[in-house]
Participant: 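The structure under discussion is supplied below as structure tokens; questions concerning it will follow.
Here is the naming used below: chain letters follow the sequence lines, and residue numbers restart at 1 for every chain. Every value quoted in this text rests on a predicted model; they were computed, and no experiment measured them.
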Protein chains: 2
Amino acid sequence: MVVTLTLQAESSEGKRLSDSVYETMLSAIISGKLKPGTIVSEVALSRQLNVSRTPVHDALRQLAKDGLVQQRANHRAVVAEFTAADIYDLYQMRKLLEGEAARLAAKGMDRATLARLRETANSLAEDRDNPKWGALWADFDEDFHNAIAESSGSPRLCQDIARYHLLHRGFNKLGTTPEGLEHALEEHVRILDAIEKRDPKEAQRAMVDHLQEWQAYFVRHFRKKSSE
Amino acid sequence: MVVTLTLQAESSEGKRLSDSVYETMLSAIISGKLKPGTIVSEVALSRQLNVSRTPVHDALRQLAKDGLVQQRANHRAVVAEFTAADIYDLYQMRKLLEGEAARLAAKGMDRATLARLRETANSLAEDRDNPKWGALWADFDEDFHNAIAESSGSPRLCQDIARYHLLHRGFNKLGTTPEGLEHALEEHVRILDAIEKRDPKEAQRAMVDHLQEWQAYFVRHFRKKSSE
DNA sequence: TTTCGTGGTTTAGTATACCAAACACATGAG
DNA sequence: CTCATGTGTTTGGTATACTAAACCACGAAA
């Protein structure tokens with residue numbers, strides 16, 4: 001299967017080419033254009049993106065560090081594949097980290113952010129017939145979890161959460177149901193309620209419960225897929 | 001100040017040169033040979049290590065991703081400096097992650113590992129006049145925290161703990177007192193006791209308390225240093 | 001004395017070239 | 001037909017070359 005990729009627009013801004021390649025690859029993976037198991041070749045990529053191998057090489061090393069591609073000893077790099085055990089472990093980490101972040105955010109989130117999240121959640125709930133609902137949801141989900149992480153006041157916690165959220169988005173697209181997303185939206189509202197009440201315990205519990213449901217869903221999903 | 005570096009021995013094994021450079025830099029930073037604030041130049045490093053700039057460039061990017069060096073827009077990279085707030089944040093993460101690991105290890109650590117840790121702890125307690133006690137302690141500390149992380153059964157938790165423990169070692173050498181280390185040894189024994197009793201709550205609490213003390217100590221230490 | 005060029009030097013980023021290792025396919029022996 | 005072997009191709013890792021940008025030091029002008 002041939003996948004066409006083009007460098008993203010922000011490449012023109014005075015950034016590094018290797019960063020542009022990184023972001024291009026990243027969004028290709030998390031959008032599902034590059035599926036798990038796909039082998040990526042440095043030369044092929046560099047030709048497609050009209051850059052030399054050097055920045056591509058750099059980008060792949062970074063992606064490998066993120067866990068989004070695996071650089072095998074075979075001189076071959078593949079887009080990371082997730083087993084059910086991987087997914088389980090990933091969500092164990094998300095529950096731990098984001099539960100803590102939610103707890104802290106209940107104390108620290110400012111009113112403006114809280115209002116913005118609530119507004120977006122409301123508009124999403126009323127706009128469920130929008131054909132682009134899935135994409136809107138993904139943006140909100142990103143914003144939501146990111147805002148809570150930042151409200152924790154811990155830069156490292158924030159960074160680690162972002163890293164795991166990236167992995168989450170990496171296979172997210174492989175299988176979600178509209179009902180699942182609507183249910184998740186309700187859970188987000190529950191978390192927001194707890195934060196607004198400034199109830200750390202409840203915020204943490206709501207976040208952990210929320211992630212628990214995703215965890216169960218995806219683990220089931222991946223077990224099914226690997227057994228067929 | 002001139003710092004002499006040589007590639008570590010494992011460079012000969014079929015690994016990547018860039019990984020060897022990475023490990024060399026890493027140990028130079030965590031051992032204190034390369035002090036925070038030192039500017040590192042790719043050409044200077046490549047000459048010192050007798051490799052080309054390419055693997056050095058790679059290694060620096062990886063170290064930047066770890067937060068051990070900062071790549072400034074100026075085309076200059078410096079060894080990361082820690083502020084008191086950084087230290088605080090770092091230990092907040094360690095308490096969260098390693099507390100969880102200790103909790104899980106109380107359920108999952110096998111008897112052989114437990115026995116090995118206890119034996120090392122005992123021999124350290126009796127050997128406190130050894131001139132190399134500091135180095136022996138560092139090895140034990142590494143082994144101890146690593147063993148608990150692995151006993152958690154979560155690969156990602158293990159990996160993240162290792163990453164933060166690395167940062168810990170990065171400035172650890174900058175100031176510890178013999179009394180502090182002996183006290184820490186006692187705390188380790190408390191954690192081992194809890195694990196042996198298979199008491200997850202107590203193991204977690206003991207670990208968090210232990211890290212809390214380091215946190216308070218280092219934050220105090222760094223505040224003092226930055227104010228002088 | 002201070003300030004603003006100005007050119008040489010050094011930096012990191014990128015492109016290109018080279019190489020050893022590993023793959024893939026074909027061909028031959030059994 | 002199967003399996004081993006050999007060879008051409010492709011891979012990623014490394015070295016080297018080139019470039020643009022940033023630093024630095026020195027000098028001229030205010």
Participant: Is it the case that more than 12 heavy atoms not belonging to A/Q159 sit under 6.0 Å from its CD atom?
Facilitator: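 12 or below, so no.
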
Participant: Quick one: does B/Q215's side chain have a donor or acceptor within less than 3.5 Å of a partner on B/Y88's backbone?
Facilitator: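 At least one qualifying donor-acceptor pair exists.
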
Participant: Of the residues in residues 56-66 of chain B, which ones touch DNA chain D at a heavy-atom distance under 4.0 Å?
Facilitator: none

Participant: Using whole Å, report how far CD of B/Q71 lies from C1' of D/dA22.
Facilitator: 16 Å

Participant: Give the rounded distance in Å between these two atoms: CD1 of B/I39 and C1' of C/dT11.
Facilitator: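 From B/I39 CD1 to C/dT11 C1': 10 Å.
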
Participant: Which angle, rounded to 10°, do you find between the first-five-pair axis and the last-five-pair axis of the helix from C/dT1-D/dA30 to C/dG30-D/dC1?
Facilitator: 10°

Participant: So, taking the atom named CE in A/M93 and the one named OG in B/S154, what distance separates them when rounded to the nearest 0.5 Å?
Facilitator: 6.0 Å

Participant: Using a strict cut-off of less than 4.0 Å between a Lys/Arg side-chain nitrogen and an Asp/Glu carboxylate oxygen, indicate whether A/R163 and A/D160 qualify as a salt bridge.
Facilitator: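 The answer is yes: the pair qualifies as a salt bridge.
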
Participant: Under 3.5 Å, is there a donor-acceptor pair linking the side chains of A/E81 and A/Q70?
Facilitator: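 No donor-acceptor contact under 3.5 Å links the two side chains.
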
Participant: Expressed in angstrom and rounded to an integer, what is the separation of B/N74 atom CG from C/dG13 atom P?
Facilitator: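 Rounded to whole Å, this separation is 12 Å.
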
Participant: Not counting sequence neighbours, which residues clear salt bridge (Lys or Arg N to Asp or Glu O under 4.0 Å) with B/D143? List them please.
Facilitator: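 Scan of B/D143 (salt bridge (Lys or Arg N to Asp or Glu O under 4.0 Å), adjacent residues dropped) gives B/R116.
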
Participant: Looking only at heavy atoms, which two atoms of B/G67 and B/A80 are closest? And how far apart?
Facilitator: O-CB, 3.3 Å

Participant: Mind checking salt bridge (Lys or Arg N to Asp or Glu O under 4.0 Å) for A/R156 and listing every partner two or more places apart, or none if nothing turns up?
Facilitator: B/D89

Participant: Anything under 3.5 Å between a protein N or O and an N or O of nucleotides 15-17 of chain D, put it in a table, one pair a line.
Facilitator:
residue	atom	partner	partner atom	Å
D/dA15	OP2	B/S52	N	2.7
D/dA15	OP2	B/S52	OG	2.8
D/dA15	N7	B/T54	OG1	2.9
D/dT16	O4	B/T54	OG1	3.4

Participant: Polar pairs (N or O, both sides) under 3.5 Å between protein and nucleotides 9-11 of chain D?
Facilitator:
residue	atom	partner	partner atom	Å
D/dT11	O3'	A/H75	O	3.3
D/dT11	O2	A/H75	ND1	3.4

Participant: In terms of the angle between their ring planes, are A/H145 and A/H210 parallel, tilted or perpendicular, with boundaries placed at 30° and 60°?
Facilitator: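 Judged by the thresholds at 30° and 60°, the geometry between A/H145 and A/H210 is parallel.
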
Participant: What residue among B/V21, B/L68, B/L34 forms side chain to side chain contact (heavy atoms under 4.5 Å, CB included) with B/L26?
Facilitator: B/L68

Participant: Under a 3.5 Å threshold, yes or no: a donor from one side chain and an acceptor from the other, between B/Q92 and B/K95?
Facilitator: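 B/Q92 vs B/K95: donor-acceptor pair found between side chains.
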
Participant: Do A/R169 and A/D141 sit within salt-bridge range, that is, some charged N less than 4.0 Å from a carboxylate O?
Facilitator: no

Participant: Classify the ring geometry of A/H221 against A/F218: parallel below 30°, tilted from 30° to 60°, perpendicular beyond 60°.
Facilitator: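 Because their plane-to-plane angle is over 60°, the rings of A/H221 and A/F218 count as perpendicular.
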
